[in-house]
Amino acid sequence: MAEAKDNPLMEKIVSLCKRRGFIFQSSEIYGGINGFWDFGPLGAELKRNVKELWWTTMTRLRDDVVGLEATIIMAPQIWKASGHVDTFSDPMCDCLLTKKRFRADQIEPQSGQVFHFSGAKDTASGKESVEPFSVLLPAGKPPESARNVASQFYASRGISQPVLSGERTEKAENTTRFNPENGAQLTDPRPFNLMLQTYVGPIQSDENIAYLRPETAQAIFAQFKNVHETSRQKVPFGIAQIGKAFRNEVTPRNFIFRSREFEQMELEFFIKPDEAIEAIHGSVATVADTGHPGEPQPNWGWQAWHRYWVEERVRFYEGIGLSKETLGFHHQTPEELAHYARACTDILYKFPFSKRDESGEVKGDELEGIAARSDFDLSQHERHSGKLMGVFDEELRTAWGKLPAEKQSELSARYYAARLKYLTKSGVPQEKAELDAKEDAEGLAKGQYIPHVIEPSAGVDRLILALISNAFQETTSTDEKGKSETRTVMKFHPRVAPVKVGVFPLLKNKPELVAKAREVFQSLRGQVMAFYDDAGAIGRRYARQDEAGTPYCVTIDFDTLGEKPELLNTVTVRHRDDGKQERIAISELQGWLLARVK
RNA sequence: GCGGGCGUAGCUCAGCGGUAGAGUACUAGUCUUCCAAACUAGUUGUCACGGGUUCGAAUCCCGUCGCCCGCUCCA
């Protein structure tokens with residue numbers, strides 16, 4: 001018998017997702033494929049609603065954000081420029097004894113005496129291993145300790161009283177083939193590339209390798225110039241994109257939380273560098289560390305914009321039913337931040353699998369990261385493509401001319417320092433970096449700069465899982481016969497609920513009720529996602545819709561047909577969360593629903 | 001990638017060497033005037049996949065795949 005389930009809530013959610021058609025394992029009939037998931041009928045509706053709400057909120061309801069839909073496969077140079085080719089492919093080695101994993105390029109080179117063994121034999125059982133094994137013995141340590149490590153290795157192979165065989169020794173200088181902690185031999189370095197590869201064109205050769213994008217962001221940077229030139233937007237403005245991304249994760253885990261094919265909703269919001277803001281407005285606005293800073297202001301620098309987007313995104317999550325209590329935050333420490341990043345705030349959701357920290361608090365796991373990425377990304381593409389990524393800012397040029405000379409040189413010096421730091425960190429030789437940084441500082445004085453960026457980047461699938469976890473509610477009740485029964489209600493916010501309304505005739509065997517119910521259903525289905533059901537008792541149909549998370553159910557009864565003349569052409573509307581019912585005229589039904597689900 | 005656990009009907013699980021079951025769900029019917037009602041009848045499985053041991057395998061062994069947990073990795 002299996003042990004008690006480690007995470008019963010998670011198990012229930014996974015099982016409900018399958019039972020009700022939210023999420024299936026990809027390729028299930030062939031045994032599945034690790035890290036890939038399909039969305040069933042209800043899941044597809046839920047996901048569509050979430051993406052549509054994001055798109056509407058981020059683009060259509062704003063003056064300063066436009067959309068983009070780029071390809072998944074792009075020029076491989078993009079991934080060179082972004083750093084993914086380098087940082088996403090680290091050769092790794094494992095310790096043969098402790099199984100600890102090392103990045104091959106981070107192992108301290110060591111010197112000493114290498115002890116090779118050809119195998120070992122168990123004195124008691126006669127069991128034998130012919131697997132060779134080596135141990136590095138640092139200078140000054142007794143040979144016994146090397147033999148001891150080897151014995152432990154063979155013991156882990158099932159030879160409890162190992163007698164080592166074939167011992168020979170050899171000197172080694174600056175080797176990285178051994179675990180620095182215990183001297184045990186490591187496996188050969190094996191490449192780990194987190195990007196999925198394919199070939200473009202019929203020839204499968206190295207020069208035809210292409211990558212499936214590991215994030216959607218880079219397409220936005222790569223198309224920045226085109227969008228900027230054609231959209232009549234001026235900095236500050238943003239480009240939004242929703243799309244698939246792929247990562248060859250070592251360990252896909254936690255249902256759809258970390259998968260190999262996933263969908264992102266990303267905004268790259270381009271802003272002026274702080275030096276430009278200061279030149280134009282005299283100073284950069286400061287905003288409080290907490291709370292929404294209000295409507296965007298022209299004198300906002302990166303800190304204010306970063307805060308603004310964190311709060312905007314929290315409002316979005318609250319607007320689809322994730323209350324503040326279910327969310328968490330992680331402010332990346334300077335050590336965690338990438339070298340080019342100024343700040344990064346992660347918005348977390350407290351998933352059923354989220355762990356407690358040392359203080360017993362559940363922090364949550366990441367739904368979205370809002371990063372202040374400086375001008376790193378556009379600068380990288382400028383250097384790698386040779387195309388200028390800067391913008392010209394009339395306002396800055398005019399303002400700059402009116403600045404006192406000392407202010408000009410102060411801002412120039414700061415901009416120069418920032419550009420120099422970027423260039424040298426990127427490996428540009430010192431001399432050239434200084435020249436380029438000087439040129440950039442002169443450009444600033446003429447109204448030119450590479451925009452900085454604030455990047456709110458959200459994972460759609462994780463959000464779906466958060467919404468499902470958040471909606472899941474079980475109640476167990478005992479009826480008068482003492483029979484206990486568990487009911488599941490998915491309390492989705494009406495805005496994201498896959499089905500908005502269920503339409504039922506009270507009884508199936510009364511043709512007048514069925515005909516009227518079909519008529520009401522037809523009038524609603526074009527406006528909102530509606531579901532018609534006449535199978536089983538009315539209570540059962542309500543329960544089915546509760547499990548699907550349908551917020552409203554409409555029942556056509558004899559009063560609808562005029563049994564009580566004053567109720568002619570009215571229906572019962574039943575609310576999912578409290579079971580309460582109200583009477584609404586059919587003529588008002590559509591407006592009533594739209595007001596609640598939009 | 002390593003270690004541990006697991007994989008039986010759509011779902012939850014029982015069966016653990018003698019040829020597949022329960023509850024639930026689903027379908028049809030009777031009935032039913034608002035919260036999983038009852039009754040009747042019915043459908044559903046290459047027992048994850050492949051191989052081996054055996055007269056005989058869901059059951060034992062090996063391999064593969066997948067899921068969960070811990071490491072490792074990852075944002």
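Order of the sequence lines fixes the chain letters, A, B, ..., with proteins taken first and strands second; residue numbering starts at 1 for each chain.
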Enquirer: For B:rC60 and B:rC47, measure between their C1' atoms and round to the nearest Å.
Expert: 15 Å
Enquirer: How long is the line joining CZ of A:F22 and P of B:rC11, in whole Å?
Expert: 16 Å
Enquirer: Touch check for A:G369, heavy atoms < 4.0 angstrom, all strands: base, sugar-phosphate only, or nothing?
Expert: nothing
Enquirer: Could you tell me the Watson-Crick or G-U partner of B:rA48, where both distances fall under 3.5 Å? Say none if there is no partner.
Expert: B:rU64
Enquirer: In plain terms, say whether A:E512 and A:K516 are close enough for a salt bridge, that is, a side-chain N and a carboxylate O under 4.0 Å apart.
Expert: no
Enquirer: Does a distance-only test, which skips hydrogens and angles, find a donor-acceptor pair under 3.5 Å between the side chain of A:R540 and the base of B:rC35?
Expert: no
Enquirer: Just to verify, which of A:W309, A:W302, A:Y308 counts as forming a ring-ring contact (aromatic ring centres under 6.0 Å, His included) with A:F269?
Expert: A:W309
Enquirer: So A:Y532 and A:F521, would you call those rings parallel, tilted or perpendicular, with 30° and 60° as cut-offs?
Expert: tilted
Enquirer: So what does A:K12 touch, heavy atoms closer than 4.0 Å: a base, only the sugar-phosphate, or nothing?
Expert: nothing
Enquirer: Using Watson-Crick or G-U wobble geometry with both distances under 3.5 Å, which nucleotide pairs with B:rU59?
Expert: none
Enquirer: From CZ of A:F246 over to C1' of B:rC74, roughly how many Å is that when rounded to an integer?
Expert: 18 Å
Enquirer: Tell me whether the side-chain N or O atoms of A:N509 pair up with the base of B:rU32 as donor and acceptor below 3.5 Å, since no angle test is needed here.
Expert: yes
Enquirer: Using a heavy-atom cut-off of under 4.0 Å over every strand shown, decide if A:G40 touches base, sugar-phosphate, or nothing.
Expert: nothing
Enquirer: I'd like to know if A:R253 reaches the base of B:rG70 with its side chain such that a donor and an acceptor end up less than 3.5 angstrom apart.
Expert: yes
Enquirer: Which of the following nucleotides, B:rC34, B:rG10, B:rC67, is nearest to the side chain of A:K18?
Expert: B:rG10
Enquirer: In whole Å, what is the span from the CZ atom of A:R20 to the C1' atom of B:rA25?
Expert: 10 Å
Enquirer: Taking B:rC34 as the reference, what is the distance to B:rA75 when you measure between their C1' atoms (whole Å, please)?
Expert: 49 Å
Enquirer: Please pick, from B:rC34, B:rA36, B:rU33, the nucleotide with the shortest atom-to-atom distance to any side-chain atom of A:D557.
Expert: B:rC34
Enquirer: Assess whether one donor atom and one acceptor atom, taken from the side chain of A:S15 and the base of B:rC11, lie less than 3.5 Å apart.
Expert: no
Enquirer: Ignoring hydrogens and angles, does a donor from either the side chain of A:Q581 or the base of B:rC34 sit under 3.5 Å from an acceptor on the other?
Expert: yes
Enquirer: Of the options A:F257, A:F472, A:F255, which is the one that meets A:F351 in a ring-ring contact (aromatic ring centres under 6.0 Å, His included)?
Expert: A:F257
Enquirer: What nucleotide among B:rA36, B:rC11, B:rC35 has an atom nearest to a side-chain atom of A:R574?
Expert: B:rC35
Enquirer: With a non-hydrogen cut-off below 4.0 angstrom, is A:F255 in contact with a base, only sugar-phosphate, or nothing?
Expert: sugar-phosphate
Enquirer: Write down the partner of B:rC71 under the Watson-Crick or G-U wobble criteria, each distance required to be under 3.5 Å.
Expert: B:rG1
Enquirer: Quick one: pull up OG1 in A:T488 and CD in A:Q473 and give me the separation to the nearest 0.5 Å.
Expert: 10.0 Å
Enquirer: Would you classify A:E547 as touching base, sugar-phosphate or nothing, given that sugar-phosphate means primed atoms plus P, OP1 and OP2, and contacts are heavy atoms under 4.0 Å?
Expert: base
Enquirer: Please state the P separation for the pair B:rG15 and B:rG4 - nearest whole angstrom.
Expert: 24 Å
Enquirer: Would A:R540 and A:Y542 count as a cation-pi pair here, with the cationic atom under 6.0 angstrom from the ring centre and within 45° of the axis?
Expert: no
Enquirer: Quote, to the nearest angstrom, the C1' distance that separates B:rA9 from B:rG45.
Expert: 5 Å
Enquirer: What about A:Q264, does its side chain sit under 3.5 Å from the base of B:rA75 through a donor-acceptor pair?
Expert: no
Enquirer: Do A:Y542 side-chain and B:rC34 base share a donor-acceptor contact under 3.5 Å?
Expert: yes
Enquirer: Considering every strand shown, what is the Watson-Crick or G-U wobble mate of B:rU19 when both distances are under 3.5 Å?
Expert: none
Enquirer: Just the rounded figure in Å: distance from P of B:rU12 to CZ of A:R487.
Expert: 20 Å
Enquirer: Pick base, sugar-phosphate or nothing for A:N34, based on heavy-atom distances below 4.0 Å to the nucleic acid.
Expert: sugar-phosphate
Enquirer: Side chain of A:R583 only, heavy atoms from C-beta on: which candidate in B:rA75, B:rU33, B:rC34 is closest?
Expert: B:rC34
Enquirer: Find the distance A:E455:CD to B:rA75:P and express it as a whole number of Å.
Expert: 13 Å
Enquirer: Under 3.5 Å for both donor-acceptor distances, Watson-Crick or wobble: does B:rG10 have a partner, and if so which one?
Expert: B:rU24
Enquirer: Can you classify the ring geometry of A:F376 versus A:Y340 as parallel (below 30°), tilted (30 to 60°) or perpendicular (above 60°)?
Expert: parallel
Enquirer: To the nearest Å, give me how far apart CG (A:N254) and P (B:rG70) are.
Expert: 8 Å
Enquirer: For A:T555 and A:E28, find the nucleotide of RNA chain B closest to each by heavy atoms; which residue's nucleotide sits nearer the 5' end?
Expert: A:E28
Enquirer: Can you tell me the distance, in whole Å, between the CZ atom of A:F353 and the P atom of B:rC69?
Expert: 9 Å
Enquirer: Using the C1' atom on both, measure B:rC71 against B:rC61 and round to a whole Å.
Expert: 28 Å
Enquirer: Would you mind classifying the nucleic acid contact of A:E336 as base, sugar-phosphate or nothing, using non-hydrogen atoms under 4.0 angstrom?
Expert: base
Enquirer: Whole Å only: how far is the CG atom of A:L337 from the P atom of B:rA75?
Expert: 13 Å
Enquirer: Would you measure the distance from the P atom in B:rG10 across to the matching atom in B:rC73 and give it in whole Å?
Expert: 40 Å
Enquirer: Assess whether side-chain hydrogen bond (donor to acceptor under 3.5 Å, both in side chains) is satisfied between A:R342 and A:S374, documenting all intermediate values.
Expert: CA-CA 7 Å; A:R342 300 267 169 89; A:S374 74; 5.2 Å; no
Enquirer: Between A:S82 and A:Q218, do the side chains contain an N or O donor and an N or O acceptor separated by less than 3.5 Å?
Expert: no
Enquirer: If you assign each of A:E249 and A:I538 to its closest nucleotide in RNA chain B, which residue comes earlier from the 5' end?
Expert: A:I538
Enquirer: Identify which nucleotide among B:rC68, B:rC35, B:rA75 has an atom closest to any side-chain atom of A:Q332, counting heavy atoms from C-beta outward.
Expert: B:rA75
Enquirer: Scan every strand shown for a Watson-Crick or G-U wobble partner of B:rU30, both distances under 3.5 Å, and answer none if you come up empty.
Expert: B:rA38
